[in-house]
J.: 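Handing you this structure, nothing more for now.
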There are 2 protein chains.
Amino acid sequence: MRIGELSKATGVPVPTIKYYLREGLLPAGELSSPNQASYGDAHLRRLRLIRALIELAQVPVATVKEILESLDADTEPLHEQIGRAHRALTPTRRLSATDEARTAATTQVRDLIAARGWSVEADAPALATLVDTVAALRTLGQEGLVAHLDDYADAVERFARIEIEGVTKNPTRDQLAESVVIGTILGETLIASLRLLAQESISADLWKDR
Amino acid sequence: MRIGELSKATGVPVPTIKYYLREGLLPAGELSSPNQASYGDAHLRRLRLIRALIELAQVPVATVKEILESLDADTEPLHEQIGRAHRALTPTRRLSATDEARTAATTQVRDLIAARGWSVEADAPALATLVDTVAALRTLGQEGLVAHLDDYADAVERFARIEIEGVTKNPTRDQLAESVVIGTILGETLIASLRLLAQESISADLWKDR
DNA sequence: CGCTTATGGATACTGATACTATCCATCACA
DNA sequence: TGTGATGGATAGTATCAGTATCCATAAGCG
């Protein structure tokens with residue numbers, strides 16, 4: 001496959017593909033002469049993955065790169081691969097809540113994790129985000145929502161279980177890692193849009209008359 | 001309150017507050033003289049909301065503006081207010097899937113909505129995102145995940161119900177709208193971080209040994 | 001009263017991100 | 001043999017989210 005065909009097959013403009021090559025998102029094609037390279041099926045699948053992450057899941061290019069690197073590091077333990085992807089995915093948070101809310105949130109989250117028996121490292125970035133979010137919700141006067149944290153955790157465990165089940169059938173190791181990462185990231189987009197739809201439907205039923 | 005106190009109370013730099021004022025995210029303070037304005041408690045709460053949306057939920061400034069406008073349009077029916085916020089929240093999507101995957105996804109989503117009895121407008125932007133996401137998952141060879149769409153919808157209905165329940169107790173109309181919007185947006189951040197945590201825990205248990 | 005600091009308002013500048021555009025010396029192929 | 005695509009390099013662009021600077025005025029302190 002030449003770059004033009006790659007472009008036609010995916011709808012990604014040639015200059016953009018060149019940009020991804022430059023940035024190291026896409027490995028270089030096999031050179032047959034100094035200015036002729038050919039791309040294979042792996043390139044096609046990789047490019048589709050890149051585009052889905054960027055367009056659909058709005059993952060920044062630099063983060064996509066980190067994620068792909070973690071996928072390609074298939075000598076690492078699987079859990080490490082996933083952890084790397086998670087870390088890339090979670091931006092370092094700043095604070096935006098009052099101190100009381102923060103301490104309350106910290107305790108609540110610690111208790112939740114203990115009660116669920118989750119094994120989570122203390123420096124997991126998602127942990128910080130969770131605390132910040134709970135704190136922000138409290139600061140904004142949404143204690144009602146926060147009171148249902150446990151219900152949320154319930155549902156979320158359900159997701160995680162579905163994803164693991166759907167994935168453990170996968171034969172090869174690197175397919176497994178790829179599935180987990182895709183499931184994590186596009187799964188989020190999936191949940192978000194489903195949730196919007198459900199809300200819209202319920203709010204239509206409930207408040208048709210203001 | 002003067003702008004400096006507003007800044008100290010929230011941790012937002014003064015120039016940034018000025019920027020939000022310029023952009024119309026924050027209403028102007030009450031002028032006591034040509035270069036002296038005072039801000040009230042409403043400004044403080046609004047500013048905290050703005051920051052939570054921008055920092056935590058990564059909502060673009062322009063979108064925050066639209067959302068706040070929909071909150072302030074409290075003469076509109078509640079469902080309309082929410083719809084406006086939803087529309088602002090869902091970026092217009094481009095495609096990134098094969099045609100077969102798209103048609104399969106379209107049917108699957110239509111069937112799902114019919115089976116659930118959801119009342120969703122055909123032009124709801126979240127609908128397009130959902131179709132695109134399902135199509136992308138298929139294109140990327142993740143049919144396993146897509147097969148569990150219905151389980152996802154189950155869990156998501158649970159979320160929506162929690163959110164509605166927690167919110168209908170709210171006394172005033174505009175507090176109601178605000179709660180729904182905060183719940184929608186920060187709820188997503190909440191779910192995302194919980195989900196990452198649950199995955200991390202499960203993957204640690206399951207794949208400690210590669 | 002004078003002095004330092006803060007303020008509102010306007011305009012300009014910055015750094016990051018994600019591409020696009022242009023060039024050029026080959027290549028492929030009709 | 002010439003038309004168009006390609007690889008590689010470099011430069012340019014649009015958008016976003018602030019920052020920085022200036023100025024004339026106002027507040028608070030000694």
Side-chain angles (χ1 to χ4, degrees), chain A residues 1-40 43-44 47 49-68 88-89 91-94 96, chain B residues 1-40 43-44 47 49-68 88-89 91-94 96:
Chain A
M1 231 187 302
R2 290 201 313 290
I3 202 174
E5 307 176 67
L6 202 52
S7 165
K8 212 168 292 173
T10 56
V12 181
V14 172
T16 304
I17 298 178
K18 284 187 173 186
Y19 165 65
Y20 293 154
L21 287 165
R22 277 203 303 282
E23 294 297 307
L25 296 200
L26 209 53
E30 207 189 328
L31 282 176
S32 57
S33 53
N35 67 333
Q36 221 63 31
S38 76
Y39 306 90
H43 288 95
L44 183 59
L47 183 53
L49 175 56
I50 292 169
R51 281 261 113 175
L53 297 183
I54 289 176
E55 289 186 29
L56 232 39
Q58 318 249 76
V59 179
V61 167
T63 307
V64 171
K65 191 183 176 190
E66 289 183 69
I67 290 167
L68 296 176
L89 235 24
T92 333
R93 305 252 136 257
R94 300 110 247 159
S96 76
Chain B
M1 230 188 301
R2 292 200 314 291
I3 203 174
E5 307 177 65
L6 203 52
S7 165
K8 212 167 292 173
T10 56
V12 181
V14 172
T16 305
I17 298 178
K18 284 187 174 188
Y19 165 64
Y20 293 154
L21 286 165
R22 277 202 306 281
E23 294 297 306
L25 296 199
L26 209 51
E30 206 189 326
L31 281 177
S32 57
S33 54
N35 67 333
Q36 220 64 30
S38 76
Y39 305 89
H43 287 95
L44 184 58
L47 183 53
L49 176 55
I50 292 169
R51 282 261 112 175
L53 296 183
I54 289 177
E55 289 185 30
L56 232 38
Q58 317 249 74
V59 179
V61 168
T63 307
V64 172
K65 190 184 177 189
E66 288 183 69
I67 289 167
L68 296 176
L89 236 24
T92 333
R93 305 251 138 259
R94 301 109 248 158
S96 76

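Letters A, B, ... are given to chains in the order of the sequence lines, protein chains preceding strands, and every chain is numbered from 1.
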J.: In residues 27-39 of chain B, what residues come within less than 4.0 Å of DNA chain D, judged by heavy atoms?
T.: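 Within residues 27-39 of chain B, the residues near DNA chain D are B/Ser33, B/Pro34, B/Asn35, B/Gln36.
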
J.: Please tabulate, one pair per line, all N/O donor-acceptor pairs under 3.5 Å involving side-chain atoms of residues 30-37 of chain B, not counting sequence neighbours.
T.:
from, atom 1, to, atom 2, distance (Å)
B/Ser32, OG, B/Gln36, O, 3.3

J.: Please give, in whole Å, the distance from D/dA9 P to A/Glu23 CD?
T.: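 Rounded to the whole Å, the gap is 13 Å.
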
J.: Write out a two-atom table: protein N or O, nucleotide N or O from nucleotides 16-19 of chain D, distance below 3.5 Å.
T.:
from, atom 1, to, atom 2, distance (Å)
D/dA17, OP1, B/Val61, N, 3.4
D/dA17, OP2, B/Val61, N, 3.3
D/dG18, OP1, B/Arg51, NH2, 3.3
D/dG18, OP2, B/Tyr20, OH, 3.3
D/dT19, OP2, B/Thr16, OG1, 2.9
D/dT19, O4, B/Arg22, NH2, 2.8

J.: Taking CD1 from A/Ile3 and C1' from C/dA28, how many angstroms apart are they, rounded to a whole number?
T.: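 A/Ile3 atom CD1 is separated from C/dA28 atom C1' by 16 Å.
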
J.: Please set out all donor-acceptor pairs under 3.5 angstrom arising from side-chain atoms of residues 61-68 of chain B, sequence neighbours excluded.
T.:
none

J.: Can you figure out which of D/dG28, D/dG7, C/dG9 approaches the side chain of A/Lys18 most closely?
T.: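 Nearest nucleotide to the side chain: D/dG7.
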
J.: For the pair made of CG in A/Leu21 and P in C/dC19, what is the distance, rounded to whole Å?
T.: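 It works out to 14 Å between those atoms.
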
J.: Calculate the interatomic distance between A/Leu26 atom CG and D/dG8 atom C1'; express it in whole Å.
T.: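 Computing the A/Leu26:CG to D/dG8:C1' distance gives 15 Å.
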
J.: Would you check if A/Ile54 and A/Val59 make a side-chain contact, meaning some heavy-atom pair closer than 4.5 Å?
T.: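 Not in contact.
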
J.: Measure the CD1-CG distance between B/Ile3 and B/Leu47 for me, rounded to the nearest 0.5 Å.
T.: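 Those atoms lie 9.5 Å apart.
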
J.: Could you tell me the separation between the CD atom of A/Glu55 and the P atom of C/dA18, rounded to a whole number of Å?
T.: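 Distance, rounded to whole Å: 13 Å.
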
J.: Measure the distance from CD on A/Gln58 to P on C/dT17 and round it to the nearest whole Å.
T.: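 So the CD-P distance, A/Gln58 to C/dT17, works out to 16 Å.
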
J.: What verdict does the side-chain contact (heavy atoms from CB on, under 4.5 Å) test give for A/Tyr39 and A/Leu44, after you've listed the backbone C-alpha separation in whole Å, the side-chain angles of each residue and the deciding distance to 0.1 Å?
T.: CA-CA 8 Å; A/Tyr39 306 90; A/Leu44 183 59; over 6 Å; no

J.: Identify the two heavy atoms, one from A/Pro27 and one from A/His43, that lie closest to each other, and give their separation to 0.1 Å.
T.: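 So the minimum-distance heavy-atom pair works out to O-NE2, 3.1 Å.
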
J.: Pair up each side-chain donor or acceptor in residues 11-25 of chain B with any protein partner under 3.5 Å, not counting sequence neighbours, and list the distances.
T.:
from, atom 1, to, atom 2, distance (Å)
B/Tyr20, OH, B/Arg51, NE, 3.4
B/Tyr20, OH, B/Arg51, NH2, 2.8

J.: Provide, to the nearest angstrom, the distance between the CZ atom belonging to B/Arg2 and the C1' atom belonging to C/dG8.
T.: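 Value for this atom pair: 13 Å.
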
J.: Decide salt bridge (charged side-chain N to carboxylate O under 4.0 Å, His left out) for B/Lys8 and B/Glu5; before the verdict, give the C-alpha distance in whole Å, the side-chain angles of both, and the deciding distance to 0.1 Å.
T.: CA-CA 5 Å; B/Lys8 212 167 292 173; B/Glu5 307 177 65; over 6 Å; no

J.: On a heavy-atom basis, which atom in A/Gln58 and which in B/Pro91 lie closest, and how many Å separate them?
T.: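 Heavy atoms of A/Gln58 and B/Pro91 come nearest at NE2-CG, 3.5 Å.
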
